[in-house]
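Reading through the structure tokens given below for one structure.
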Amino acid sequence: MDSTNPELLEVAIDLFPFLRTYKDGKVERLMGTEIVPPSLDSKTNVQSKDILYSQELNLSSRLYLPNNTNPNSNQKLPLLVYYHGGGFCIETPFSPHYHKFCNTVAAEADVIIVSVDYRRAPEFHLPVAYDDSWAVLQWVASHVTGNGPEEWINSYVDFGKVFLAGDSAGANIAHHMGIRNGKEKLSDEKIVSIVGIVLIHPYFWGTEAIGNEVKEKEIRDKIAGFWYFACPNTSGCDDPLINPATDPKLGTLGCTRVLLFVAEKDFLRDRGWFYYEILKKSKWGGFVEIIETKEENHVFHLFNPESEKAKTMVKDIVSFIYQEDNY
């Protein structure tokens with residue numbers, strides 16, 4: 001930044017405490033910037049590594065392998081593709097919060113995890129994050145013959161048991177990947193099957209307040225401002241990308257079951273319940289379950305992972321992955 005030109009030091013958009021942009025184009029992220037390397041986790045014995053899924057765009061995923069896999073056996077494990085939150089503009093899969101969470105889930109659920117890095121706003125506005133997130137799924141599907149570029153996926157993944165998950169904006173992405181799978185299909189369902197989707201405190205919104213949602217125009221406009229920041233070409237807060245109730249494709253969701261988490265003190269709580277109700281009433285035909293965590297706020301499990309409620313969430317995710325489709 002040119003400190004000799006005071007005008008260039010001026011803030012263009014202030015989204016404190018998340019980020020600021022300046023008139024010279026600089027983006028200053030104020031949180032979600034810390035990263036940790038992949039490792040053999042001492043607590044869970046889960047091994048992780050970073051792998052490019054797009055050479056052209058230099059985009060990576062962090063892969064997690066639980067400790068009881070045997071390269072000399074034919075053991076196949078479910079695959080969980082995880083999309084991080086952060087309003088489409090902060091955080092990465094390499095942050096301490098997400099690294100710890102994925103280590104825990106991989107160990108407890110005995111699953112392979114692909115934790116996805118996607119391009120963020122404002123450098124790359126939506127729908128870029130959706131396109132990157134779909135590209136990861138295509139990259140995963142390229143391993144079905146056992147000749148893909150990543151040996152962990154070739155050797156250990158059961159492609160008939162693929163799950164998507166995410167929190168906040170990442171849950172929004174996971175939902176839309178399910179919609180896209182319902183429309184485009186990654187492959188023949190007998191080869192790659194997205195069985196279920198886990199949505200943790202999903203980032204959905206709308207023009208009109210619902211339930212006990214905040215009704216003050218000033219606050220709603222501020223919340224809407226985050227959406228416009230990430231997706232400036234949007235039609236508004238009733239865009240199907242942010243308001244699934246307006247999406248005619250909702251009933252085509254490409255999975256058989258959904259697990260939805262909401263938190264009692266989360267300002268997005270009522271949107272989560274609304275999603276649950278409209279999905280049940282749609283033509284989808286799958287099974288949706290909702291779990292509300294009392295006395296907790298947005299993505300509490302990331303900030304207080306040792307709490308009993310966070311541990312219960314992980315157990316619920318494990319149960320969801322291994323439940324039978326017998327409804």
Side-chain angles (χ1 to χ4, degrees), residues 78-88 91 93 97-98 101-102 105 109 111 113-116 118 129-130 133-134 136-137 162-182 194-206 210-211 213 227 240-247 249-282 284 286-293 296-302 309-310 312-321 323:
L79 174 70
L80 179 68
V81 180
Y82 196 89
Y83 301 102
H84 71 82
F88 304 103
E91 289 289 0
H97 297 308
Y98 287 106
F101 181 67
C102 288
V105 173
V111 295
I113 296 181
V114 175
S115 186
V116 179
Y118 54 82
Y130 297 125
S133 298
W134 182 251
V136 168
L137 295 181
V162 177
F163 293 82
L164 309 181
D167 63 273
S168 197
N172 175 300
I173 291 173
H175 160 78
H176 285 291
M177 295 306 98
I179 294 292
R180 192 159 178 175
N181 183 55
I194 295 179
V195 178
I197 301 177
V198 180
L199 305 179
I200 303 173
H201 312 158
Y203 176 29
F204 298 133
W205 200 240
I210 60 171
E213 223 171 54
W227 171 242
L241 293 177
I242 193 67
N243 187 352
T246 67
D247 190 351
K249 300 190 295 294
L250 181 63
T252 67
L253 189 67
C255 66
T256 58
R257 45 191 163 95
V258 170
L259 175 61
L260 178 66
F261 290 97
V262 295
E264 183 181 21
K265 295 183 177 181
D266 186 1
F267 76 100
L268 295 174
R269 170 193 177 274
D270 291 271
R271 287 290 154 179
W273 274 102
F274 188 45
Y275 178 89
Y276 169 74
E277 294 295 340
I278 62 174
L279 188 58
K280 282 201 305 180
K281 294 175 183 177
S282 74
W284 170 50
F287 177 77
V288 57
E289 176 185 4
I290 189 167
I291 297 174
E292 178 168 337
T293 309
E296 291 292 353
N297 216 317
H298 193 62
V299 297
F300 71 90
H301 63 292
L302 295 177
K309 291 176 182 178
T312 298
M313 176 185 285
V314 172
K315 290 178 182 177
D316 290 332
I317 293 171
V318 174
S319 296
F320 176 75
I321 290 173
Q323 76 184 49

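All heavy atoms count here, side chains included; hydrogens, waters and symmetry mates do not. Keep in mind that what you see is a predicted model, and the values were worked out from it rather than measured.
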- Query: When the ring planes of H298 and F267 are compared, do they come out parallel, tilted or perpendicular, using 30° and 60° as the limits?
  - Reply: tilted
- What is the ring orientation for F101 with H301, classed by angle as parallel under 30°, tilted 30 to 60°, or perpendicular over 60°? perpendicular
I want to check something: taking the side chain as every heavy atom from C-beta on, are [X] and [Y] in contact at a cut-off of under 4.5 Å?
| X | Y | value |
| --- | --- | --- |
| P202 | H175 | no |
| F300 | M313 | yes |
| C255 | L164 | no |

For the residue pair [X] and [Y], what are the closest heavy atoms and their distance?
| X | Y | result |
| --- | --- | --- |
| I210 | D270 | CD1-O, 3.7 Å |
| G85 | S168 | CA-CB, 4.3 Å |
| D316 | L259 | O-CD2, 3.8 Å |
| P93 | V116 | CG-O, 3.5 Å |
| V258 | L199 | CG1-CD1, 4.3 Å |
| G178 | I197 | CA-CD1, 3.7 Å |

- H84/I173 under side-chain contact (heavy atoms from CB on, under 4.5 Å): CA gap, chis, key distance, verdict: CA-CA 9 Å; H84 71 82; I173 291 173; over 6 Å; no
- Criterion side-chain contact (heavy atoms from CB on, under 4.5 Å) on D167 and Y98, from CA distance to verdict: CA-CA 10 Å; D167 63 273; Y98 287 106; 2.7 Å; yes
- Message: Applying side-chain contact (heavy atoms from CB on, under 4.5 Å) to I290 and V288, what does each step give before you reach the verdict?
- Response: CA-CA 7 Å; I290 189 167; V288 57; 5.9 Å; no
Separation between [atom1] of [X] and [atom2] of [Y], rounded to the nearest 0.5 Å:
| X | Y | atom1 | atom2 | value |
| --- | --- | --- | --- | --- |
| Q323 | R257 | CD | CZ | 4.0 Å |
| F204 | N243 | CZ | CG | 9.0 Å |
| Y276 | L260 | OH | CG | 9.0 Å |
| M177 | L253 | CE | CG | 11.5 Å |
| I113 | F163 | CD1 | CZ | 12.5 Å |
| N297 | D266 | CG | CG | 6.0 Å |

- Message: Between V105 and Y82, is the side-chain contact (heavy atoms from CB on, under 4.5 Å) condition met? List the steps.
- Response: CA-CA 11 Å; V105 173; Y82 196 89; over 6 Å; no
Keeping [X] on the side-chain end and [Y] on the backbone end, is there a donor-acceptor pair under 3.5 Å?
| X | Y | answer |
| --- | --- | --- |
| Y118 | W134 | no |
| W284 | L279 | no |
| T256 | G286 | no |
| N181 | G254 | yes |

- Message: Taking NZ in K309 as the centre, count heavy atoms belonging to other residues, nucleotides or ligands within less than 6.0 Å. Is the count above 12?
- Response: yes
- Query: Side chains of N172 and Y83: is there a donor and an acceptor less than 3.5 Å apart?
  - Reply: no
- Message: My understanding is that only one of E264, E292, E213 makes a side chain to side chain donor-acceptor pair (under 3.5 Å) with R269; could you say which?
- Response: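 Exactly one option meets the side chain to side chain donor-acceptor pair (under 3.5 Å) with R269, and it is E292.
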- Task: Applying side-chain contact (heavy atoms from CB on, under 4.5 Å) between F261 and each of E289, H201, E296, report the one that passes.
- Result: H201
